Amino acid sequence: MAIPSFTRAQLAAGAPGPETALTIGVLDGVHRGHQWLLGRLRDEARRRALSPGVVTLHPHPVTVLRPEIPPSYLTSLEDRMELIRAAGADWVIPLTFTGEVSEVTAEELAAAFVELLRMRLMVLGPDAAFGRGAPRDTVERMRRLGAELGFEVVQVEPLMHDHERYSSTAVRAALAAGDMARVTALLGRPYRLSGPVVRGFERGRTIGFPTANISVAADRALPALGVYATRASVAGHRLMGATNIGRRPTFDAGHVSIETHLLDFEGDIYGERMDLEVVARIRGEVKFDSADALKAQIAEDVREARRLLGGA
Ligand SMILES: Cc1cc2nc3c(=O)[nH]c(=O)nc-3n(C[C@H](O)[C@H](O)[C@H](O)COP(=O)(O)O)c2cc1C
Ligand SMILES: Nc1ncnc2c1ncn2[C@@H]1O[C@H](COP(=O)(O)OP(=O)(O)OP(=O)(O)O)[C@@H](O)[C@H]1O
C-alpha cells in the first residue's frame, strides 16, 4: 500500500528543515515513561546535531481499527502536543490515522520519514510496534531498513514504577479506580480537565453551593464518578475546589456533569475557560433523601477539600 497523499502532505508540511531524530507513537497522556523516552530522544539528537521531534498518531489507532471501542483520551491532542514539546521535542507532527494509513507498512512509513523529514535517527520505546499489523519485530525491521537507507535506531529501556512499566493503560486503570495519587505519580503531574464554564440547572445556588460546570470533550477519560478535591484556574484566579463528577442522583440522575464549588470565590465566570486539576478523591456520589442532607454533606466535602489541598 502506497502512503496516502494526505499523509505525505502532513509530513511535508510539518518538516522542520534540518536533519532529524524522531519517535513515532500515540503517546496519549505523555506519562513519565513517555517523558523519559522524549528526554532520551532529545539527548541522542543533540549528540548528533539533529532536530528532535515526534510523529504522533491521532485518532488513536484502536478507535479506528475497533470502532466499537469508544475513545477515552488522557489528554486532548492539543495538550498532548504541548506536553511532548515540554518533554524534549522541538517539533510535533500529528498524523491523521485512518483505515488507509493502517495498511501502510513500518518500512514505507520510515522511508517517508527519511525522504520528507530527513530522518537520521529513530528512537523507539521498549515495545515499539507500528505500521501494518504493528509487528513485534518492528525494531529489528527498522534496524535492517536503517542500514539500507542511512538512519540509526536507538531503543530505550522501559522506565518502571513499582515493578510495572509506566503506561497509558495503567493511568486509565488508576483513573477508573479514582486513585488520584497514583494517577499523579504515573503522569508526573495532576490529571487535568479543561473546558468552558457552562450553565447547569442552577440548583446549586439555591442550596447555598453554586457550582461552575465545565463542558469537556466527550472523548476524554474521566475519573470514577464521585467527589474530588481540585485546584481550578479560571479568569486569572487560582482557587481550591470541591468537584462532583456525576449524575446528581438526588435530583435527576441525568448526564454526567463536572461541577465545581469554588472555595472563597464569588463572581460571574460563565463562558470563561476553566482548567481543573483533580487532586484527591473524597467520596462516591450518593442519592440523598433531601436537598438539606445533600447540603450538609457538601459543607463537609468543602472542609475535606480544604484539608486535602493544604488550605487549613
Ligand atoms: C462537592 C459537591 C458534592 C456533590 N455531591 C453530590 C451527591 O453526592 N449526590 C448528588 O445527587 N449530587 C451531588 N452534587 C451535585 C449537586 O446535586 C449539584 O451541585 C446540584 O444539583 C446543582 O446542580 P445544577 O447547578 O446543575 O442545578 C454535589 C455537588 C458538589 C459541588
Ligand atoms: N515506561 C516506558 N518507558 C519507556 N518508554 C515507554 C514507556 N511506556 C511507553 N513507552 C514508549 O512510548 C512509545 C509510545 O507508546 P504508547 O503510546 O503505546 O504508550 P503506552 O503508555 O505503552 O500505551 P498503552 O498503555 O496504551 O500501550 C512506545 O515506543 C513505547 O515503547
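As the structure is a computational prediction, the values presented were derived from the model and not from experiment. Note that the numbering runs from 1 along the sequence shown for the chain. In listed order, ligands and their atoms are each counted from 1.
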Note to self: Centre-to-centre under 6.0 Å for H237 and F265, is that the case here?
What the structure shows: yes
Item checked: CZ on F209 to CG on L294, rounded to 0.5 Å -> 9.0 Å
Notebook entry, point to check: So, does H161 sit close enough to ligand 2 that a heavy atom of it is under 4.0 Å from the ligand?
Noted result: no
Item checked: Atoms in ligand 2 flagged as close to L37, the criterion being non-hydrogen separation under 4.0 Å -> 11 (C), 12 (O), 13 (C)
Checklist line | Numbered atoms of ligand 2 (with element) below 4.0 Å of G125, judged on heavy atoms | finding: 11 (C), 29 (O), 30 (C), 31 (O)
Next item on the list: Starting from atom 5 (N) of ligand 2, find the nearest protein heavy-atom neighbour and note its residue, name and distance.
Entry: P126 CD, 3.3 Å
Note to self: Taking R132 first and then E108, would you say they form a salt bridge - that is, a charged N and a carboxylate O separated by under 4.0 Å?
What the structure shows: no
Next item on the list: Please report which non-hydrogen protein atom sits nearest to atom 2 (C) of ligand 2, along with the residue it belongs to and the distance in Å to one decimal place.
Entry: G33 CA, 3.5 Å
Note to self: So for ligand 2, is G25 a polar contact partner (N or O within less than 3.5 Å, distance only)?
What the structure shows: no
Check: With backbone taken as N, CA, C and O and side chain as the heavy atoms from C-beta onward, which portion of R283 lies under 4.0 Å from ligand 1: side chain, backbone, both, or neither?
Finding: side chain
Check: For the atom pair NE2 (H58) and CZ (F97), what is the distance rounded to the nearest 0.5 Å?
Finding: 12.5 Å
Next item on the list: For V227, counting its heavy atoms only, list the atoms of ligand 1 lying under 4.0 Å from any of them.
Entry: 1 (C), 3 (C), 5 (N)
Item checked: R144/E148 salt bridge by N-O under 4.0 Å criterion -> no
Note to self: Testing the basics here: between V101 and P4, what is the closest heavy-atom pair and its distance to 0.1 Å?
What the structure shows: CG2-CG, 4.1 Å
Notebook entry, point to check: In terms of residue, atom name and distance, what is the protein heavy atom nearest to atom 4 (C) of ligand 2?
Noted result: W36 CD1, 3.5 Å
Item checked: Full working for side-chain hydrogen bond (donor to acceptor under 3.5 Å, both in side chains) between S194 and D275 -> CA-CA 4 Å; S194 307; D275 294 326; 2.7 Å; yes
Checklist line | Side-chain ion pair, R307 and E304, N-O less than 4.0 Å | finding: yes
Check: What's the shortest distance from atom 30 (C) of ligand 2 to any protein heavy atom, and which residue and atom give it?
Finding: D127 OD1, 3.2 Å
Notebook entry, point to check: Going from CZ on R32 to CZ on R165, what distance comes out if it is rounded to the nearest 0.5 angstrom?
Noted result: 14.5 Å
Notebook entry, point to check: Which ligand 2 atoms are under 4.0 Å away from a heavy-atom of Y166?
Noted result: 1 (N), 2 (C), 7 (C), 8 (N)
Next item on the list: Before signing off on this row, confirm whether S168 and ligand 2 have an N or O atom pair separated by under 3.5 Å.
Entry: yes
Checklist line | Sub-4.0 Å heavy-atom approach of F251 to ligand 1 | finding: yes
Checklist line | Contact check: L27 vs ligand 2, nitrogen or oxygen atoms, below 3.5 angstrom | finding: yes
Check: What are the atoms of ligand 1, with element, lying closer than 4.0 Å to any heavy atom of V286?
Finding: 7 (C), 8 (O), 9 (N), 10 (C), 11 (O)
Note to self: For residues Y73 and V171: do they belong to one hydrophobic cluster (side chain heavy atoms under 4.5 Å, members Ile, Leu, Val, Met, Phe, Trp, Tyr)?
What the structure shows: no
Check: Does an N or O anywhere in T250 fall below 3.5 Å from an N or O of ligand 1?
Finding: yes
Check: Should H60 be counted as touching ligand 2, given the test is an N or O pair under 3.5 Å?
Finding: no
Notebook entry, point to check: Under 4.0 Å from any heavy atom of T211, which atoms of ligand 1 are there?
Noted result: 19 (O), 25 (O), 31 (C)
Note to self: For atom 15 (O) of ligand 2, what's the nearest protein heavy-atom neighbour? Residue, atom name and distance, please.
What the structure shows: H34 NE2, 3.7 Å
Item checked: Pair listing, salt bridge (Lys or Arg N to Asp or Glu O under 4.0 Å) test, anchored in residues 235-251, at least two apart -> R238-E277, R248-D252, R248-E259
Notebook entry, point to check: Taking N or O atoms only and a 3.5 Å limit, does D28 qualify as a polar contact for ligand 2?
Noted result: no
Check: Is V62 isolated, or which residues cluster with it under the ILVMFWY side-chain rule of less than 4.5 Å, directly or via members?
Finding: I69
Check: Are F288 and I207 connected in the hydrophobic side-chain network, where two residues link if heavy atoms are under 4.5 Å apart?
Finding: yes
Margin query: Please work out, at 4.0 Å between heavy atoms, whether the side chain, the backbone, both, or neither of F288 comes within that distance of ligand 1.
Written below: side chain
Note to self: Could you identify the single nearest non-hydrogen protein atom to atom 3 (N) of ligand 2 and state the distance to 0.1 Å?
What the structure shows: L159 N, 2.9 Å
Check: Under the 4.0 Å line, does any protein heavy atom show up next to atom 25 (O) of ligand 2?
Finding: yes
Notebook entry, point to check: For T169, is at least one N or O under 3.5 Å away from an N or O on ligand 2?
Noted result: yes
Margin query: Is there a polar contact between ligand 2 and R165, counting only N or O atoms under 3.5 Å apart?
Written below: yes
Next item on the list: Check each atom of ligand 1 against the heavy atoms of D301 and keep those under 4.0 Å away; list them by number with element.
Entry: 1 (C), 3 (C)
Notebook entry, point to check: Counting both backbone and side chain atoms, is some N or O of G284 under 3.5 Å from an N or O of ligand 1?
Noted result: no
Next item on the list: Run the numbers for me: atoms of ligand 2, each under 4.0 Å from some heavy atom of P158, listed by number.
Entry: 3 (N), 4 (C)
Next item on the list: Starting at CZ of F151, measure out to CG of L50 and round the result to the nearest 0.5 Å.
Entry: 13.0 Å
Checklist line | Flag for N213-T211: side-chain donor and acceptor within less than 3.5 Å | finding: yes
Check: Can you tell me if H31 uses its side chain to pair, donor with acceptor, with the backbone of H34 under 3.5 Å?
Finding: yes
Item checked: Hydrophobic cluster identity match, M142 and L95, side-chain contacts under 4.5 Å -> yes
Next item on the list: Heavy-atom distances under 4.0 Å are what count here, so tell me which part of M160 touches ligand 2: side chain, backbone, both or neither.
Entry: neither
Next item on the list: Before signing off on this row, confirm whether E259 and ligand 1 have an N or O atom pair separated by under 3.5 Å.
Entry: yes
Check: With backbone taken as N, CA, C and O and side chain as the heavy atoms from C-beta onward, which portion of V302 lies under 4.0 Å from ligand 1: side chain, backbone, both, or neither?
Finding: neither
